[in-house]
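So the structure is just underneath, and the comments pick up after that.
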Amino acid sequence: MNKTLLFAAGVLAAGALTACGGTNKTAENATAAEPMRIIFETDMGNDVDDALALDMLYKYMEQGKIDLIGISSNKRNEGSIEYIDAMNTWYGYPDIPLGKVVNGADCDDANNYAYHAMQVTDSLGNPAFKQSHADDSFILPSVEMYRKVLSQQPDSSVTVISVGFSTNLAQLLASQPDKYSDLNGKDLVAKKVSRLVTMAGGIDNPDRAEYNVVRDIPAAQIVFAEWPTPVVTSPWELGNYICYPATSIENDFTWTDYHPVVEGYKAYLPMPYDRPTWDLTSVLYAVEGPENYFTISGPGDITVNDKGNTLWQDNPDGTRYYMASDSIQQHNILNRFIELITSKPKNR
């Protein structure tokens, strides 16, 4: 990696760039021990990599590296937010604010492993995974959750990790002042968010219409064009080269009878199968940065056409970046995934 790219990677990993390329004083002056504030935007239930990615975030919480201040589901089907609530409960974080999409995109063709995992029962016939918040009053519409949570954070302090559709993010940008903030959505994001890390699109093949983009093309077009902070994207080809092994799912979780990620993994496809780690790459980069794992492009622009293709163009004044990796980095990435995900949660 040349010095220019290394510098860009470093400041983006620290969340220290603003949309105009200046220095983020809040991030610059923060103590090293202060946890990174993260909101996780997910289409939980469409592909099992979302569940693996959320497991990683819980492990980072245990390590004191992050504060998971909100989780938002952009999958409209039943089971998604319930499974997230059950995962929060199982891992010991039942009070993380939750948001649920309104007028979400159609994804009924996906195998809803989240729903199936919630049907698993123990030896007594009781649900293996229990929700903490059966009362839906705890679960806000996603845009309201974002506005409430963001309004409570220090300026330029939040990293948003988006590993699903852009629906909620586009709706957030279009939101108007409310009881939580006098700012409109775009200005609220510009004030409170330091960067957006996404899993979306593809850079190596301009003809590829990647799932997260194509399911809500208008929303993806808005987010890539209008999001007012730097955006770092993990393209389809990156996670596709790094597959989480079925042998780990089968052998590394014998310390518990029922594990929500394992049950979701088993429900998604017939076992055994190795699964690409698309969403996990975004989480790893957002929390640990690029060192030993990723090469980060120079600045540019990402546009989404009406077919859902993501098109990259170099631009020295741009605020969009994308991740890549070589074979050595991929080896390091996979080892880190397995190390994190197979570790036993402290409360189990």
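- Between the CG atom in Leu188 and the NZ atom in Lys186 there is a gap of 13.5 Å [rounded to 0.5 Å].
- Side-chain contact annotation: Gln221 with Asn305, donor-acceptor N/O pair under 3.5 Å absent.
- Atom CG of Asn103 is surrounded by 12 or fewer heavy atoms from other residues, nucleotides or ligands within 6.0 Å.
- In terms of modelled atom types and a separation under 3.5 Å, the side chain of Trp312 and the main chain of Ile203 share no donor-acceptor contact.
- Taking the side chain as every heavy atom from C-beta outward, Met36 and Asp67 never approach each other to under 4.5 Å.
- Of the inter-residue distances, the one linking Leu68 atom CG with Ile39 atom CD1 reads 9.0 Å to the nearest 0.5 angstrom.
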Side chain to side chain contact (heavy atoms under 4.5 Å, CB included) between Leu172 and Leu150, worked out: CA-CA 11 Å; Leu172 172 62; Leu150 288 176; 4.3 Å; yes
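- A donor-acceptor pair under 3.5 Å is formed between the side chain of Ser80 and the backbone N or O of Met44.
- Taken together through direct or relayed side-chain contacts under 4.5 Å among Ile, Leu, Val, Met, Phe, Trp and Tyr, Phe294 and Leu57 form part of one hydrophobic cluster.
- For the pair Lys59 (side chain) and Ser343 (backbone), a donor-acceptor distance under 3.5 Å is present.
- Nearest heavy atoms, Ser282 versus Val197: O-CG1, 3.6 Å.
- Geometrically, Arg348 does not engage Trp255 in a cation-pi contact defined by less than 6.0 Å to the ring centre and at most 45° from the axis.
- In terms of modelled atom types and a separation under 3.5 Å, the side chain of Asp216 and the main chain of Ala105 share no donor-acceptor contact.
- Between Asn168 and the options Ser162, Ser73, Ser142, a side-chain hydrogen bond (donor to acceptor under 3.5 Å, both in side chains) holds for only Ser142.
- Looking at Asn332 and Arg336, their side chains never come closer than 4.5 Å, going by heavy atoms from C-beta outward.
- The number of heavy atoms from other shown groups lying within 6.0 Å of OH (Tyr115) does not exceed 12.
- Minimum interatomic distance between Thr89 and Pro94 (heavy atoms only, all atoms of both residues): OG1-CB, 4.3 Å.
- Of the possible polar contacts, none joining the Asn292 side chain to the Gln329 backbone as a donor-acceptor pair under 3.5 Å is found.
- Using a 3.5 Å distance cut-off with no hydrogens or angles, the side chains of Asp43 and Asn46 do pair a donor with an acceptor.
- Between Met56 and Ile341, the closest heavy-atom pair is CG-CG1, 3.9 Å.
- The number of heavy-atom neighbours closer than 6.0 Å to NZ of Lys65, taken from other residues, nucleotides and ligands shown, is above 12.
- Ring geometry for Phe138 against His133 counts as parallel: the plane angle stays under 30°, on a 0 to 90° scale with 60° as the upper cut.
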Where do Asp49 and Leu280 land on the side chain to side chain contact (heavy atoms under 4.5 Å, CB included) test, with the steps shown first? CA-CA 7 Å; Asp49 57 334; Leu280 288 68; 3.8 Å; yes
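- Put simply, the side chain of Ile302 does not reach to within 4.5 Å of the side chain of Leu311, judged on heavy atoms.
- Using modelled atom types and a 3.5 Å distance limit, the side chains of Thr198 and Thr233 yield a donor-acceptor pair.
- In this structure, a donor-acceptor pair under 3.5 Å is absent between the side chains of Asn112 and His116.
- The closest side-chain donor-acceptor pair between Glu288 and Tyr60 falls under 3.5 angstrom.
- More than 12 non-hydrogen atoms from other residues, nucleotides or ligands lie less than 6.0 angstrom from CD of Gln63.
- The CD atom of Glu226 sits 12.5 Å away from atom CG of Leu169, with the distance rounded to the nearest 0.5 Å.
- For the pair Asn184 and Pro177, the minimum side-chain heavy-atom distance is below 4.5 Å.
- In the hydrophobic clustering of this structure, Val101 does not group with Tyr146; members are Ile, Leu, Val, Met, Phe, Trp, Tyr whose side-chain heavy atoms approach within less than 4.5 Å, directly or through other members.
- At a cut-off of 3.5 Å, with distance as the only test, a side-chain donor of Thr229 or Trp227 sits close to an acceptor on the other residue.
- Looking at Tyr58 and Asn88, their side chains do bring a donor and an acceptor atom within 3.5 Å of each other.
- In this structure a side-chain-to-backbone donor-acceptor pair under 3.5 Å is present from Asn309 to Asp207.
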Hey, mind stepping through Asp155 and Lys192 against salt bridge (charged side-chain N to carboxylate O under 4.0 Å, His left out) and telling me if it holds? CA-CA 4 Å; Asp155 293 353; Lys192 298 297 184 179; 3.0 Å; yes
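- Judged purely by distance below 3.5 Å, without hydrogens or angles, the side chains of Thr167 and Asn74 never pair a donor atom with an acceptor atom.
- To the nearest 0.5 Å, atoms OG1 (Thr281) and CG (Leu238) are separated by 4.5 Å.
- Rounding to the nearest 0.5 Å places OH of Tyr258 at 5.5 Å from OG of Ser123.
- No more than 12 heavy-atom neighbours from other residues, nucleotides or ligands sit within 6.0 angstrom of CG on Asp182.
- Residues Tyr322 and Val232 fail the side-chain proximity criterion, which asks for heavy atoms closer than 4.5 Å.
- The shortest side-chain heavy-atom distance between Tyr293 and Ser325 does not fall under the 4.5 Å cut-off.
- The closest side-chain heavy-atom distance from Met87 to Leu54 is below 4.5 Å.
- Classification of the Tyr211-Phe165 ring pair by plane angle, with boundaries at 30° and 60°, yields tilted.
- For Tyr113 and Glu263, the side-chain atoms include no donor-acceptor pair closer than 3.5 Å.
- Judged as a ring pair (Phe, Tyr, Trp, His ring centres under 6.0 Å), and not counting sequence neighbours, Phe40 has no contacts.
- When the side chains of ILVMFWY residues are joined at heavy-atom separations under 4.5 Å, either directly or via intervening members, Met271 and Val261 end up in a single hydrophobic cluster.
- For the residue pair Asn251 / Thr247, no side-chain donor-acceptor distance below 3.5 Å is found, with atom types taken as modelled.
- Contact record, Thr342 with Tyr244: CG2-OH, 3.5 Å, taken as the closest heavy-atom pair.
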For Tyr268 and Asp47, what are the C-alpha separation, side-chain angles and deciding distance, and is it a side chain to side chain donor-acceptor pair (under 3.5 Å)? CA-CA 7 Å; Tyr268 182 62; Asp47 197 306; 3.3 Å; yes
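- A 4.5 Å side-chain heavy-atom check between Lys344 and Asp252 finds every atom pair outside the cut-off.
- The two residues Ala286 and Ile161 come nearest to each other via the heavy atoms CB-CD1, 3.6 Å.
- Of the inter-residue distances, the one linking Ile71 atom CD1 with Asp50 atom CG reads 11.5 Å to the nearest 0.5 angstrom.
- Listed here is the closest heavy atom pair of Ala117 and Tyr83: CB-CE1, 3.6 Å.
- Panel note: side chain Ser248, backbone Pro245; no donor-acceptor pair is recorded below 3.5 Å.
- The main-chain N or O of Gly202 is never found under 3.5 Å from a side-chain atom of Glu237 such that the two would form a donor-acceptor pair.
- Leu269 and Leu52 end up in the same hydrophobic cluster when Ile, Leu, Val, Met, Phe, Trp and Tyr side chains are linked at under 4.5 Å.
- Note on residues 170-181: pairs passing side-chain hydrogen bond (donor to acceptor under 3.5 Å, both in side chains), not counting sequence neighbours, are Glu144-Tyr180, Arg147-Ser175, Arg147-Asp178.
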